[in-house]
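The residues of the chain are indexed from 1 along the displayed sequence. The structure displayed is predicted, hence computed values, not measured ones.
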Amino acid sequence: MSIAKTTEAFNIGSNSNATDVSNLVVAGVFAFLFLVCAYILLKLFEEVKSGNLKLNKFLMICVRVFCFICILSYFLLH
């Protein structure tokens, strides 16, 4: 069943124009980026809860991740 869905998705993508495929690639990059950032921040929050990381350091990392996402979003969407 999974192979059939994969083949169907490939067929839909192969019959699309360049704009649709470009949008799909950008969406995939954003999905991967948000997934990795969420994983990193969740792991760091566990470190804060256990006392291995101070809250102000965690907040500075959150600000840096947010700035990174904003800058990358500008270049990917522009």
Side-chain angles (χ1 to χ4, degrees):
M1 187 98 172
S2 176
I3 302 270
K5 292 290 185 184
T6 304
T7 305
E8 181 183 351
F10 178 77
N11 288 336
I12 290 170
S14 65
N15 291 331
S16 298
N17 57 16
T19 305
D20 293 338
V21 175
S22 175
N23 289 341
L24 183 63
V25 169
V26 171
V29 169
F30 274 117
F32 180 75
L33 173 71
F34 289 140
L35 185 67
V36 168
C37 288
Y39 177 78
I40 290 170
L41 292 177
L42 283 173
K43 289 297 179 182
L44 287 175
F45 185 70
E46 288 177 5
E47 292 293 320
V48 170
K49 286 188 349 187
S50 67
N52 296 334
L53 183 67
K54 294 188 179 192
L55 185 61
N56 61 351
K57 185 78 168 175
F58 172 72
L59 293 176
M60 286 301 299
I61 293 171
C62 288
V63 169
R64 289 178 182 165
V65 167
F66 177 73
C67 290
F68 173 72
I69 289 173
C70 288
I71 292 168
L72 193 59
S73 299
Y74 172 77
F75 287 111
L76 282 175
L77 294 176
H78 192 353

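L42 and Y39 sit in two unconnected hydrophobic clusters of ILVMFWY residues. Membership requires side-chain heavy atoms under 4.5 Å apart, directly or through other members. Residues L44 and V36 share a hydrophobic cluster, clusters being chains of Ile/Leu/Val/Met/Phe/Trp/Tyr side chains in contact below 4.5 Å. I40 and L55 end up in the same hydrophobic cluster when Ile, Leu, Val, Met, Phe, Trp and Tyr side chains are linked at under 4.5 Å. Two different hydrophobic clusters hold L35 and V26 under the rule that ILVMFWY side chains link at heavy-atom gaps under 4.5 Å. Connection of I61 to F66 is not established within any shared hydrophobic cluster, with ILVMFWY side chains joined at heavy-atom distances below 4.5 Å, either directly or through further cluster members.
Taking all atoms of both residues into account, the shortest heavy-atom contact from F58 to F45 is CE1-N, 3.7 Å.
Evaluation of the side-chain hydrogen bond (donor to acceptor under 3.5 Å, both in side chains) rule for N56 yields no partner, not counting sequence neighbours. Remark: E46 engages no residue in a side-chain hydrogen bond (donor to acceptor under 3.5 Å, both in side chains) (not counting sequence neighbours).
In the hydrophobic clustering, where aliphatic and aromatic side chains (Ile, Leu, Val, Met, Phe, Trp, Tyr) are joined below 4.5 Å either directly or transitively, F75 groups with I71, Y74.
L33 CG to L72 CG: the interatomic distance, rounded to the nearest 0.5 Å, is 5.5 Å. Going from atom CG of L53 over to atom CG of L59 covers 9.5 Å, rounded to the nearest 0.5 Å. In this structure, the separation between OG on S73 and CZ on F34 is 5.5 Å, given to the nearest 0.5 Å.
Looking at L77 and F30, their side chains come closer than 4.5 Å, going by heavy atoms from C-beta outward.
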